[in-house]
Structure formats: C-alpha cells, structure tokens
Amino acid sequence: MNNKFKLFLISIFTPAILMIGLFLPPPFFASGFSDPDIERAGRITNLVDQLKRSYSKKAAETRLTSELETAPPDTAEVLTHSGYRSDTKEMSALLPSGSYEAEIKFSPVSGEVQMAPLQAIHGITTVEALETALSLNPEIKVQREQVESSRGVLEQASAKFDLQTGLTMEKSQTYTPQVEMLRPYYEDGKLKSQQTAYSLNYSKKTRAGDAYNISVSSTRNMDNTPPGLGIPARTNTGTVNFSITKPLLRGRGDKVNTVEEKYAYLTIDADYFDLLHTVSNVIYNTTAAYWDYAAAVRRLEILKGSGEKARLLMEDTQKLIDASEIPAVEIQSVMANLASKKVSIIQAEQAVYQARSRLGIQLGVKAEEIEGILLPASDFPPIDEEKVMELSKNSGRIKNMALENRNDNKAAGLRKQAAELYLVIARDGLKPQLDLQTGAGYTGLSEGREFEKYFNSLGRNVTGLNVNMRLNYAWPEGNRQARGYLRQQEASYRKADIQYNDVGRNIVSSVLTAISDLEKSYSSYCLVNESLELYEKAVENEKIKYKFGTSTLLDIINVEDRYTGALLDRVSSRASYAQALSKLRYETSTAYGFNDGNFFVDEKLISGFPEIGRTGE
C-alpha cells in the first residue's frame, strides 16, 4: 500500500471516527470502560449524594467505604471519564464530621484509591434487623403477655382447691322489755344482753368433688339478770363441728372437677406455641421487608446510573447541536428519555422510603426513628441450584416436617383438646344433683365472767357427740339450662376441630406454594441472567452499528433501556428467591433457634435451606 493511498484512507476515516467519539456520551464509547465499572462509579456517586441527606449518612459512609475497599486501581479514572466526578478534590470534605469520619482521596496520577478510615461504620444486616425485631416487635410482646395472662387463669382455676380459712369476730348488745312481774328485778325494767362471739372456720374442696369443713366457735353471753332468779347471767359456750359434703351424681370425681384446671394448663401451652408462631411470623415478615428494602435500594442505584447516562447523553447531544453537527430535533428524544429516567428515579426513591417504613414497622422502632434506619448491608442469599432441584422430590417429607414443627398447628391441637374437656362438664350437668352431707361435733359450757372461762368452754361440760346426716336432691324440670350448655360446648368442640384441620390444610398448601415459589424464582433468575447476557451483547452490537451509521441514537437508547430493565428484573428475581426461601423457612418453622431459652437467628438460618427431615426447635 503506497503512502498516497494511506493518506487517502486517513483523510476519510479520521473525521468520521472523531465525530462518533464526540457524538457518543462517555459511558458508551469514549471511556472504554465496561458497564460494571460504570455502575460502580454510579454507586459511588450516589453514595456521596446520600451523605448530604441526614437519614442515610451513616449507611452511605459504610457502603462508600465498602465500595472503595474493593475498588480497582482505575476507579478514579472511571469516575472522571464517566462524568460522575470530573474533579480530584478530597471526598473527605463531603463526609460528616464528628464520630464518623474517613479520609478518602482519588489520585489521578497513580490511579489509586487512598483511604484511611478513622472509624468503621456498617449498614444494617439481616441478622441485626431480626435481632432488633425479636427485641422490640410489639406482636411478640403482646403474645408474651397473653402467656402470662393464661398463667393467671391457671392460678384462679387451682385456687378453688386451696384451704380456705375464715375468722369471724362479733359483739352485740340488745335490750329486751320484761313482763310486769319481772320488771322490778331489772334496771329500768328491761333485760340488757351482751354477746361476744369468735368463730374460726376451715374449708377445703378436693379434686374428687368432696367438700370438708371444720368450724370452732366460742360465744360469751352476759346480761343483767339478778342472781336471785336462778338464771345464769354469764355463760360461755364452745362448739366444734366437722362436716363432709359428698356429691353422689353431678359433680362427682376428679375428671369433672379438674376440667377448668386442665383447660388452663392446655391454654398456657397453646398460648406458648402461639408465641413461638408469632416469633416465626415476625421473623418472616421482617426478612421479607428487609429483602424488599434491599431490592428497592438496588433498583434505585440502577435507575440513578441509567439517569446519569441519560443526562450525559443530553449534554453531549446539545453540544453537537450547538456545533451544528446534528439537527436540533435530535434533542427531543434525549430530553424525553431524561425526563422518563427522572420520573423512574423519583418513583424508586419513594419505593425505598416505603420499604424502609415497612421494615421499621416490623422492627418495632419508634416512628421518628424509622428514617434513621441504615441501608441494607446484607446481600441476597446465594442461589443453591442443587437444593432447589431436590425440593419437589422431597415435598412429602417437607410437608410432614412442617406439620410436625409448626407451632400454630400444635396450638390448634391443644385448643381442640381443651374444648373437648368442657364436654365432660356439660354431660355431667345432665345428671341430677344428689349430695350427701354428714357431720359431727360437740358443745361445751362454762359459767363465769373470768377471761379463762371464755376459752375453756371448749372442753368443759361436754355432754356427748352431736351427729347429723342430710341428703340434698335437686332436679330442674326439663333441665334446659344443662342441655343448652351441652349443645354450646359440642358446637365449640366441632369448631375447634374444624379450625385444627383447617390449620393443617393451610400448612400443607402453603408448603407446596413455597416450594413452587422457590422453583419459579430460580427459573426466573436463570432466564433473567440469560436475558441480561443477550442484552449486553445487543448493546455492544448497537454501538458497533451506530459507528457504521446503521443504527440511530434512539435505537441505542431503546436497547439501553431494555438492558436496564433486565438489571431491574435480576434484582427482582434475586429478591423473589430470597423471600421464597424465607417463606419455606417460615412454613417449616425452622427460621430460629434457642440458646439458653432465648430465641436467636443467624446467617445460616436466613440464607440456607432447612434440613429436610429435621425437627425444628
């Protein structure tokens, strides 16, 4: 090839290459950096912007530090060429002062990132979020109080079998008019009587239905009767009585009399299982809210990066229009593209705000503290293809494990047992009331006003043993109250049985749904990755076509939008996979563990599959 021909080729292609280089925005062509590098630059700039917002400074510092720690040596150059930062001043000036400081510099000469953090700050992880929820969530606190309330009911139910002690003290004074013949013997013609009585009573009901009663009493009677009438003016009477009431039909036996006590025990256990289920529910809802929050933040990062590309494209397009290189009408499409990106960013920012609020509600923090929640620091759980492929094969074992582990299923079973207990009382109520009461005792007497005479009356002048026997029978005509109560309790038992079966039915259905969700989210993730790879190639192909004039700027915008959509879809598929995994943990009641009687969560429980066939705590 001679020199003249070389000069001819240079004269033709050099202006075209320069025009393309000027026309394309730096992220597309001029920088020569890959999309991941440019996305990193966008994330770094977005984090710097977040440092200016009061609600996300700490989280932005953390993530900025993390980005710079793992940044390649050419990060500063990427930032400069991508238009995210065109100067090289120290970024430490943007960081808040005080206890959270860091010195970060970009060196355009060496291309290195220099960082000397003075204090490490981290965002909120899934484990930290769940630990906060377990500590503060009001649903758990309410259910704990319900368990405590049920313990109080048990105390009440057991109290009727306690020994009851009663002490009565009484003093009275009465005036009784006398007949005319006796009036002269009494002062003012009337009998003045004073009575002082003490009574001590012990009673106890047994679980067999028998009632025991012991009473000891002493009574002093004093009046103004003159000695000449031969009537004792001062007597002390002591009485001891012992009685037993034994039911012969209704209310007989511990099976009937301990129903309320047994019911209370079952209720405590059921409420405790409800507490465990509430913990599972809070863990699931908090984890789901966390992944929603993480996905919303990642979508915002992607859309901001896309918006920044749109802004740079508009600036470069305007420069070409000003230089009369392209028609002025070209600005319309890029302006519309930028406006669309701004709308998407605003919507994404609102989605982050809403997701953070939902997470804050689950955490149980105060309303004014929700905006201070840090950005998510945990990545989505890794995709485990092998485990996903085994789900359908092990669906039967997973269903059995869920039915065995689920605490709401255990609580429903206990409440069914508790409802059955009251059938015993209801059926017993159909019987007539027939009680046998027997008693024995004695009475003593002493005379005189001396203090010791008052108490020794229990052992003086005892004439013999007093005995009595009584048979009480009651039978209401039709016994409608007992029949109505039985009907009510039978309906309550059937209701509890229906609810128990329904809980099991829902558990099985939910497990199958969780398995399907995991499989579908995995399939979606694979397809999204395939789509993303194809769109990456499509973007590169469109750039090449643009170089040779076979494609338009609008074509590149459209393909870039589809590529951005694929990035958003990947975030959604990862979030769906994470939530489906959390759902499977929840459905099998394997989302938490116990340590010294306290609930705990760890990364394995959050990001790993449940061990099939293993019984939960």
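- Looking at residues two or more places apart in sequence or on another chain, you find a side chain to side chain donor-acceptor pair (under 3.5 Å) between R406 and D408, E587.
- E603 meets the salt bridge (charged side-chain N to carboxylate O under 4.0 Å, His left out) test with no other residue; sequence neighbours excluded.
- Between R574 and I383 there is a side-chain heavy-atom pair separated by less than 4.5 Å.
- A heavy-atom distance below 4.5 Å is found between the side chains of L266 and L421.
- Without hydrogens or angle criteria, N137 side chain to Q362 main chain gives a donor-acceptor distance under 3.5 Å.
- Taking the side chain as every heavy atom from C-beta outward, N529 and R570 approach each other to under 4.5 Å.
- In this structure, the side chains of L303 and L568 come closer than 4.5 Å at one or more pairs of heavy atoms.
- Under a 3.5 Å cut-off, the side chain of N281 and the backbone N or O of H277 do not form any donor-acceptor pair.
- Note on R494 versus D497: no salt bridge recorded, every NZ/NE/NH1/NH2 to OD/OE distance being 4.0 Å or above.
- Under a 3.5 Å cut-off, the side chain of T590 and the backbone N or O of P610 do not form any donor-acceptor pair.
- When all heavy atoms of D602 and L605 are compared, the closest pair comes out as OD1-N, 2.9 Å.
- The two residues A496 and A419 make their nearest non-hydrogen contact at CB-CB, 4.0 Å.
- Centroid-to-centroid, the aromatic rings of Y263 and Y422 come within less than 6.0 Å.
- Remark: D379 engages R298 in a salt bridge, criterion side-chain N to carboxylate O under 4.0 Å.
- Panel note: side chain S516, backbone L512; no donor-acceptor pair is recorded below 3.5 Å.
- Under a 3.5 Å cut-off, the side chain of S523 and the backbone N or O of E519 do form a donor-acceptor pair.
- Here the closest non-hydrogen pair linking Y293 and I373 is OH-O, 3.7 Å.
- The shortest non-hydrogen separation linking A566 to L532 is CB-CD1, 3.5 Å.
- Of all non-hydrogen atoms in P381 and A578, the two that sit nearest each other are CD-CB, 3.4 Å.
- Between S306 and T564, the shortest heavy-atom distance links the atoms OG-OG1, 3.7 Å.
- Looking at Q489, its side chain never comes within 3.5 Å of a backbone N or O of L423 through a donor-acceptor pair.
- S524 contributes no side-chain N or O that, together with a main-chain N or O of K520, makes up a donor-acceptor pair within less than 3.5 Å.
- Judged purely by atom type and a 3.5 angstrom limit, Y290 uses its side chain to pair as donor or acceptor with the backbone of I124.
- With respect to the salt-bridge test (charged N to carboxylate O, under 4.0 angstrom), the residues R487 and E490 do not qualify.
- For the pair E315 and R311, the salt-bridge criterion is met [side-chain N within less than 4.0 Å of a carboxylate O].
- By the side chain to side chain donor-acceptor pair (under 3.5 Å) test, S150 pairs with D271, sequence neighbours left out.
- Formation of a donor-acceptor pair under 3.5 Å by the T513 side chain with backbone atoms of S509 is found in this model.
- Side chains of Y592 and R585 form no contact here, defined as non-hydrogen atoms less than 4.5 Å apart.
- The existence of a salt bridge linking R397 and E390 is excluded, since no basic side-chain nitrogen approaches an acidic carboxylate oxygen closer than 4.0 Å.
- In this structure, the side chains of T286 and L359 come closer than 4.5 Å at one or more pairs of heavy atoms.
- Between Y586 and Y284, the two ring planes are parallel [angle under 30°; tilted spans 30° to 60°].
- The shortest distance between side-chain heavy atoms of L136 and L363 does not fall below 4.5 Å.
- Between the side chain of S340 and the backbone N or O of N337, no donor-acceptor pair lies under 3.5 Å.
- V142 is not listed as a side-chain neighbour of T278, based on a closest heavy-atom distance of 4.5 Å or more.
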Carefully, step by step, assess D292 and Q354 under the rule side-chain hydrogen bond (donor to acceptor under 3.5 Å, both in side chains).
CA-CA 10 Å; D292 278 342; Q354 292 172 346; over 6 Å; no
